[in-house]
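A short worksheet on the structure shown next.
The first residue of the sequence shown is numbered 1, and numbering continues consecutively from there.
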Amino acid sequence: MSVLSSVRVASAVALGMQRLSPVGIRLAARGKPTPFPECRADVEEISVPTALGPARAFVYRPVDRDPGADPNLPVHVNFHGGGYVMRDVQLDDPLCRYLAAEAGVVVVNVDYVVAPQHRFPAAPHQAYEVVRWITDHGEANGWDGTRLTVGGQSAGGALAAAVARQALEHGDPLIGLQVLHYPPLDLVTHARDKVAAGTNPMIKPWMGDVFDNAYIPDPAMRADRLASPANAADDADLTGIAPAVVLTCELDRLRGDGEAYAVRLRAVGALVAHVDIPGADHAYDMDDLETARRTYAFIAERLREVAQQSAPSA
């Protein structure tokens with residue numbers, strides 16, 4: 001199913017029709033329930049200009065809103081996973097619908113460039129450009145770019161961290177929260193040298209070879225701060241970086257990446273929370289919907305808190 005088809009499906013769900021998202025179709029084929037059918041959102045495709053060409057993005061707006069509420073809601077920018085090589089933007093449809101409905105924010109789900117067609121640092125640079133555009137063009141699009149959060153799963157979480165790092169270095173935009181969900185944050189250390197608590201971890205050592213070689217063929221470049229902020233080679237002062245929620249998985253081979261970065265963020269007062277999800281492995285939320293619901297609810301609550309703290313005065 002194409003990404004455009006997924007948008008049409010999501011829009012149909014928002015209208016109350018009995019249609020499934022792409023993830024819902026895949027789960028239904030395995031005899032599993034549709035993820036979060038009660039979470040409705042209006043979905044629109046937009047194009048964001050960047051130096052690498054237009055970046056496609058999908059805007060999720062909550063359906064059930066207080067008529068007297070601020071017309072321009074806070075905005076959360078989401079980056080999907082996929083090892084920097086797969087354009088899996090549609091897989092985050094359940095998360096985006098959930099956050100729009102439960103956190104009461106506009107969610108912009110970004111279809112960023114991937115390797116090997118676009119190697120590092122193309123993706124983090126484009127991700128930052130997209131976030132800057134979203135910040136500057138909120139009024140025309142129905143969101144408040146001054147009330148901004150970013151986040152992502154797996155490689156998308158690493159891109160969110162890279163956006164926050166560039167925002168720190170450039171002095172803008174102001175990011176209220178970065179949500180890093182099982183991110184790979186140390187590409188210097190090979191996957192085979194990362195310890196997994198589970199007996200059959202989802203991330204295999206060969207995946208590190210495939211993804212890392214496609215994304216950053218030159219091993220020396222993998223120490224860059226936009227690729228490996230959890231590695232000891234990056235020792236810059238992170239004071240002032242956006243507050244962060246780091247979510248790791250007990251059985252994930254990449255657990256140590258998130259743990260190390262959480263320690264680094266805590267040292268500069270930027271760690272809001274580090275949650276280690278028990279019994280979960282990498283990408284657990286694609287299959288374990290009950291655990292995913294609890295995690296998504298936690299993320300939604302953190303986004304609501306940021307929105308309330310930054311709400312404009314009456």
Side-chain angles (χ1 to χ4, degrees), residues 1-8 10-11 21-22 41-61 73-93 95-97 99-100 105-146 148-167 169-170 172-175 178-181 183 211 214-216 224 226-227 242:
M1 176 176 287
S2 69
V3 175
L4 181 56
S5 295
S6 75
V7 173
R8 290 172 179 155
S11 298
S21 71
D42 287 324
V43 186
E44 173 192 8
E45 180 178 339
I46 64 172
S47 180
V48 179
T50 77
L52 291 168
R56 186 169 51 171
F58 300 91
V59 181
Y60 291 71
R61 294 182 173 87
L73 294 174
V75 60
H76 178 72
V77 185
N78 179 75
F79 298 99
H80 65 82
Y84 305 105
V85 302
M86 292 181 282
R87 304 193 88 151
D88 280 347
V89 63
Q90 71 271 25
L91 290 182
D92 279 2
D93 172 75
L95 170 65
C96 295
R97 283 190 289 107
L99 294 181
V105 300
V106 173
V107 179
V108 181
N109 192 22
V110 183
D111 186 15
Y112 55 87
V113 296
V114 296
Q117 296 86 352
H118 297 276
R119 302 188 191 278
F120 178 86
H125 284 175
Q126 186 188 53
Y128 177 68
E129 284 189 60
V130 169
V131 171
R132 285 288 306 272
W133 185 93
I134 289 170
T135 302
D136 295 338
H137 294 81
E139 186 173 351
N141 289 279
W143 60 70
D144 184 351
T146 68
L148 168 74
T149 56
V150 299
Q153 293 63 247
S154 194
L159 289 180
V163 167
R165 182 64 171 269
Q166 292 170 92
E169 294 169 353
H170 292 286
D172 68 313
L174 180 63
I175 298 172
Q178 50 174 322
V179 181
L180 315 181
H181 197 180
F211 295 156
Y215 184 47
I216 312 181
D224 190 282
L226 300 183

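Judged as a side chain to side chain donor-acceptor pair (under 3.5 Å), the pairs with a partner in residues 117-126 (not counting sequence neighbours) are, in order, Thr50-Gln126.
With sequence neighbours left out, the ring-ring contact (aromatic ring centres under 6.0 Å, His included) criterion links Phe211 to no other residue. Scored by the ring-ring contact (aromatic ring centres under 6.0 Å, His included) test, Tyr128 finds His170 as partners (sequence neighbours excluded). Applying the salt bridge (Lys or Arg N to Asp or Glu O under 4.0 Å) criterion to Glu169, with sequence neighbours excluded, gives Arg165, Arg225. The salt bridge (Lys or Arg N to Asp or Glu O under 4.0 Å) search around Asp172 returns Arg132, not counting sequence neighbours. Among residues two or more places apart in sequence or in another chain, the salt bridge (Lys or Arg N to Asp or Glu O under 4.0 Å) test is passed with Asp144 by Arg147.
Summarising the geometry of Cys96 relative to Asn78, their closest heavy-atom pair is SG-ND2, 4.0 Å, with the distance given to 0.1 Å. Nearest heavy-atom pair across Val107 and Ala100 is CG2-N, 3.8 Å. Between Tyr112 and Arg87, the closest heavy-atom pair is O-NH2, 3.3 Å. Minimum heavy-atom separation, Pro173 to Thr135: CB-OG1, 3.5 Å. For the residue pair Val150 and Val131, the shortest heavy atom distance occurs at CG1-CG2, 4.2 Å. Among all heavy-atom pairs drawn from Ser47 and Pro54, the shortest one is OG-CB, 3.2 Å.
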query: Would Phe79 and Asp92 count as a side-chain contact (heavy atoms from CB on, under 4.5 Å) if you check the C-alpha gap in whole Å, the side-chain angles of each, and the deciding distance to 0.1 Å?
result: CA-CA 9 Å; Phe79 298 99; Asp92 279 2; over 6 Å; no
- request: Please assess Val106 against Val59 for the test side-chain contact (heavy atoms from CB on, under 4.5 Å), listing each intermediate value before the final yes or no.
  value: CA-CA 7 Å; Val106 173; Val59 181; 3.5 Å; yes
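Side-chain contact between Trp133 and Asn141 is present, with heavy atoms from C-beta onward closer than 4.5 Å. Contact annotation: the side chain of Glu44 never approaches that of Asp42 to less than 4.5 Å [non-hydrogen atoms, C-beta and beyond]. In this structure the side chain of Val105 never reaches within 4.5 angstrom of the side chain of Leu73, judged on heavy atoms. You'll find the side chain of Leu148 stays beyond 4.5 Å of the side chain of Trp143, heavy atoms only.
With values rounded to the nearest 0.5 angstrom, Ser154 atom OG is found 7.5 Å from Tyr84 atom OH. Put simply, NE2 on His80 and CG on Leu159 are 8.5 Å apart, with the number rounded to the nearest 0.5 Å. A distance of 6.5 Å separates CG in Leu52 from CD in Glu129, rounded to the nearest 0.5 Å. The distance from the CG atom of Leu99 to the CG atom of Asn109 is 10.0 Å, given to the nearest 0.5 Å. The CD atom of Gln153 sits 11.5 Å away from the CG atom of Asp88 when rounded to the nearest 0.5 Å. Here CG of Asp111 is found 6.0 Å from CZ of Phe58. Values are rounded to the nearest 0.5 Å.
With hydrogens and angles disregarded, a donor-acceptor distance shorter than 3.5 Å links the side chain of Gln166 to the backbone of Pro124.
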